[in-house]
Amino acid sequence: MANKVEVKELLDAGVHFGHLTRRWNPNMAPYIYMERNGIHIINLYKSAAKMQEAGDALAKIAASGRKILFVATKKQAKEIVAEQAEKANMPYITERWPGGMLTNFVTIRKAVKKMASIDRMKKDGTFNSLSKKERLQVDRLRAKLEKNLGSISDMSRLPAALFVVDTTREHIAIKEAHKLNIPIFAMVDTNSDPREVDYLIPSNDDASKSISKVVSYVADSIVEGLSERKSEKTTKKKDEKASKEEKSEKSDKAPKEKKEKKAEVPSKDAEDKKAMKEAKKDVKLESKSETLDKAKTSNEEE
């Protein structure tokens, strides 16, 4: 379970400041507390509740071993999101959103593999055999790929969820996620449509302090989910080891019991000894003719 959110901390970070009243989205009305000096004020109690809800859901996704893709291309959010995503060991996009990143994921993976093949060329010495012009072109291509896709190089399959800062700016990413039914978690300001998001956090998505507060909370929830998964794995391994040891102990005991049964002490009773001797004697079977003769004599006597 994610940590409790303190409303005072959100207030200090400026999470409550919305956009100008003339730029608002009417669908955000349930999350707006009041209007002050032509600016909408977000209800921080609702923000805290939604943060807690989103944190719990993200922790569960992380505990299942799936990836959550962070998306934030606006200037004030780039560094914060990159830092927190790396802390949570999750992929992120902070440069321009590559078109078809989700809907055409196979092509994106090819570009990532191209980057890996350039790295191999540099290691095995093939790169040095190229001409100066070719080396320069390859270096430029590698730098471009690293800038746009370097942060998702470890993402071998589609993410289980998206965390977005400013849904209005990242509308292409939102549309692609909708097409593939990928759940969306997002910081939603008063100028955005909350209906586009599965788990919204009503908050100021323009101030770096506000972004830092929300994103760090989300990252901590993911880290908590990952540590839970790790502890479950270790307990499972311990249980398996214990069961194996138990089985081996049983298998070791089994032959000893058999040996003990074989080494039974014979009875010392006289009648038992006599019966054993008679049982060991060879039994002579009668022939057919002898049996018939005995039968005839017994009939004649009668």
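Please read all numbers here as calculations on a predicted model, not as lab measurements.
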With D139, which residues qualify under side-chain hydrogen bond (donor to acceptor under 3.5 Å, both in side chains), at least two apart?
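Residues passing side-chain hydrogen bond (donor to acceptor under 3.5 Å, both in side chains) with D139: K122.
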
Say you draw a straight line from CD1 of I42 to OH of Y33; how long is it, rounded to the nearest 0.5 Å?
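It comes to 14.0 Å.
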
With clusters defined by side-chain heavy atoms of hydrophobic residues (ILVMFWY) lying less than 4.5 Å apart, directly or transitively, does [Y] cluster with [X]?
{"X": "I41", "Y": "M51", "answer": "no"}
{"X": "V223", "Y": "I68", "answer": "no"}
{"X": "L69", "Y": "I182", "answer": "yes"}

Answer yes or no: are there more than 12 heavy-atom neighbours, outside F17 itself, under 6.0 Å from its atom CZ?
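Not buried by this count: 12 neighbours or fewer within 6.0 Å.
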
How about CG on N128, more than 12 heavy atoms from neighbouring residues, nucleotides or ligands closer than 6.0 Å, or not?
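It does: N128 CG has more than 12 such atoms within range.
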
Using side-chain heavy atoms (C-beta onward) and a distance below 4.5 Å, is I32 in contact with N43?
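When only atoms from C-beta onward are counted, N43 and I32 do not touch, as no gap falls below 4.5 Å.
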
Under a 4.5 Å cut-off applied to non-hydrogen side-chain atoms, are L10 and K213 in contact?
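Yes, close enough: below the 4.5 Å cut-off.
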
So, E83 and K87, do they make that salt bridge, N to O below 4.0 Å?
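The answer is no: the pair does not qualify as a salt bridge.
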
Between K78 and E95, does any side-chain N to carboxylate O distance fall below 4.0 Å?
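Yes.
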
Checking side chain to side chain contact (heavy atoms under 4.5 Å, CB included) between M187 and each of P202, S203, S47, S192, which is the one that passes?
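When P202, S203, S47, S192 are each tested with M187, the side chain to side chain contact (heavy atoms under 4.5 Å, CB included) holds only for S203.
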
Are the ring centres of F163 and F70 closer than 6.0 Å?
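Yes; F70 has its ring centre under 6.0 Å from that of F163.
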
